[in-house]
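Got a structure for you, written out below as structure tokens; questions coming shortly.
Each ligand, and each atom within it, is numbered from 1 in the order the structure gives.
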Amino acid sequence: MEYSIEVEDLVKKYGDFVALDSISFKVPKGRIFGLLGPNGAGKTTTIKILTGLIPPTSGKALVSGLDVVRQPQEVKSRIGWISSDVILDDDLNAWENLEIQGKLQGVRDWKERAAELLKYFDLFQYAKRPVGKYSTGMRKKLEIASALLHSPEVIFMDEPTIGLDVNTRSMLWSLIRTVSGEMGVTVFLTTHYMEEADSLCSTVAIITQGRIVAMGTPEELKSRVGGDVVELEVEEGFDPNVLKNVPGMVSVNMNDGKVRVKVNSADRTVVDLLKSVNFSKVKSLKIEKPTLDTVFMELTGKKLDDSEVDYRKFYMTIRRARRG
Ligand SMILES: Nc1ncnc2c1ncn2[C@@H]1O[C@H](COP(=O)(O)OP(=O)(O)OP(=O)(O)O)[C@@H](O)[C@H]1O
């Protein structure tokens, strides 16, 4: 398999503080890889090393087959980077912003490429409008177009949907899928959002305190925490013991008129389960599948929720969007 990113035993220390503690992973070409973790986990540090902005303390990192320490300029020419630090000039229009980007990146045919991307992202008709007058969704599209101008092999996105409303977020998700699926660009993104990692990424690495504690497809990660739960709301007099011999059963607990049955796979077990109970005593049935939230909880003992969103970054994004 061909890999766009190969990281081996990467360590980053800031003084005595270990921000990255020997992380390793590989990202196959054309896939979407997500680094999921709370504030301070080491996500931005990883992106900064992979984009050649800061050196690692030790370990190896190749991007597009190039060593990020020995060939940082070549790496920069092969990658695009979208983060809250990358700023579009609000006083300029889309075309002028792309011209600057094209010249900075030394893209000779920038005009053709810019026109192609503006059309692709439905911005062509707004190309002469100052970017300060764009909606948040339009800005996001232009940021992606700008990062793709020099046809990079890999695009890095540091928390790309932070602070976005639900519609803009889902628009951006479908753009990210397009960038990977139709354009064949490898996407490396960091996120706080479980649903984002779950819905977009072919591989997710869960990072906390500088360590990768789990990695796999979202499905693999979810299946690690053990099966589904079938919850039955039952009438008085229901005997939970009748469930104990159902194939695929892991455990049965009854509390407050609710029986929680943990099974390997609800899809396979639910019919057998229903056959073994007295229907007249069952009021309702609910199936719960594990989520990446469950995985994070099991691995770290903590909940990764929105309260951990970095509001510094969030407000920076909002200020930028409002400027002009
Ligand atoms: N230049 C620096 N000097 C000292 N410590 C740093 C520096 N940059 C980052 N750190 C620390 O390293 C750890 C990892 O930071 P990093 O920014 O990589 O985390 P993150 O997962 O991206 O979190 P966030 O979502 O808050 O950006 C944090 O504890 C942070 O305080």
Side-chain angles (χ1 to χ4, degrees), residues 5 7-25 27 32-61 63 68-69 72 75-76 79-87 140 143 147 154-164 169 172-173 176 187-198 200-201 203-215 221 292-293 295-297 299-321:
I5 303 174
V7 168
E8 213 179 301
D9 296 330
L10 206 61
V11 173
K12 179 68 187 177
K13 291 185 187 168
Y14 295 110
D16 287 339
F17 178 74
V18 183
L20 289 181
D21 192 358
S22 197
I23 63 168
S24 302
F25 58 84
V27 183
I32 306 178
F33 181 94
L35 200 53
L36 174 76
N39 281 338
K43 304 181 298 294
T44 305
T45 299
T46 308
I47 284 208
K48 284 185 175 167
I49 294 173
L50 294 179
T51 52
L53 282 183
I54 57 169
T57 305
S58 63
K60 198 166 121 186
V63 172
V68 297
V69 176
V75 167
K76 283 180 188 143
I79 61 168
W81 188 26
I82 298 171
S83 85
S84 42
D85 300 333
V86 178
I87 294 175
K140 285 282 162 196
E143 283 175 8
V154 188
I155 191 160
F156 289 90
M157 301 185 172
D158 198 4
E159 312 225 6
T161 63
I162 196 158
L164 296 182
R169 183 179 293 175
L172 200 63
W173 284 1
I176 294 172
V187 178
F188 181 101
L189 63 86
T190 68
T191 185
H192 273 92
Y193 299 122
M194 292 290 180
E195 332 85 82
E196 185 155 294
D198 201 353
L200 280 181
C201 301
T203 304
V204 176
I206 298 181
I207 186 167
T208 179
Q209 296 177 336
R211 283 170 180 256
I212 291 181
V213 290
M215 186 156 52
L221 291 175
L292 282 182
D293 263 311
V295 180
F296 192 81
M297 278 278 279
L299 288 168
T300 66
K302 287 189 230 140
K303 202 164 163 46
L304 177 72
D305 63 23
D306 285 1
S307 65
E308 294 195 74
V309 163
D310 182 345
Y311 283 99
R312 186 176 37 88
K313 275 191 189 169
F314 172 68
Y315 285 119
M316 200 152 67
T317 309
I318 297 294
R319 266 203 308 278
R320 250 184 41 218

At the 4.0 Å heavy-atom cut-off, does His192 count as touching ligand 1? yes
Any idea how Phe188 and Phe156 line up, ring-wise: parallel (<30°), tilted (30 to 60°), or perpendicular (>60°)? tilted
Taking side chain to side chain contact (heavy atoms under 4.5 Å, CB included) as the criterion, tell me which of Thr46, Val27, Leu50 meets it with Val7. Leu50
Indicate the atoms forming the closest heavy-atom contact of Tyr14 with Ala19, along with that distance. CE1-CB, 3.5 Å
Look only at interatomic distance and state if Ala19 has a nitrogen or oxygen under 3.5 Å from any nitrogen or oxygen of ligand 1. no
So does Leu35 get a backbone contact from the side chain of Lys43, meaning a donor-acceptor N/O pair under 3.5 Å? no
Taking the minimum heavy-atom distance to atom 27 (O) of ligand 1, which of Asp158, Leu20, Thr44 ranks first? Thr44
At under 4.0 Å between heavy atoms, is it the side chain or the backbone of Glu159 that contacts ligand 1, or both, or neither? side chain
Give a yes/no verdict on whether any heavy atom in Gly210 is under 4.0 Å from an atom of ligand 1. no
Would you name the heavy atoms of Thr161 and Trp173 that are closest together and state the gap between them? CG2-NE1, 3.9 Å
Atoms of ligand 1 under 4.0 Å from any heavy atom of Ala41, numbered from 1 in the order shown, are 19 (O), 20 (P), 21 (O)
For Gly42 and ligand 1, answer yes if some heavy atom of the residue is under 4.0 Å from a ligand atom, otherwise no. yes
So which of Lys48, Lys12, Gln209, Lys43 gets nearest to atom 20 (P) of ligand 1, if we judge by its closest heavy atom? Lys43
Please identify which atoms of ligand 1 are closer than 4.0 Å to at least one heavy atom of Pro38. 21 (O)
Nearest non-hydrogen partners of Leu36 and Ala197, listed with the distance: CD1-CB, 4.2 Å
Closest approach of Thr51 to Lys76 (non-hydrogen atoms, all atoms of both residues): O-CE, 3.5 Å
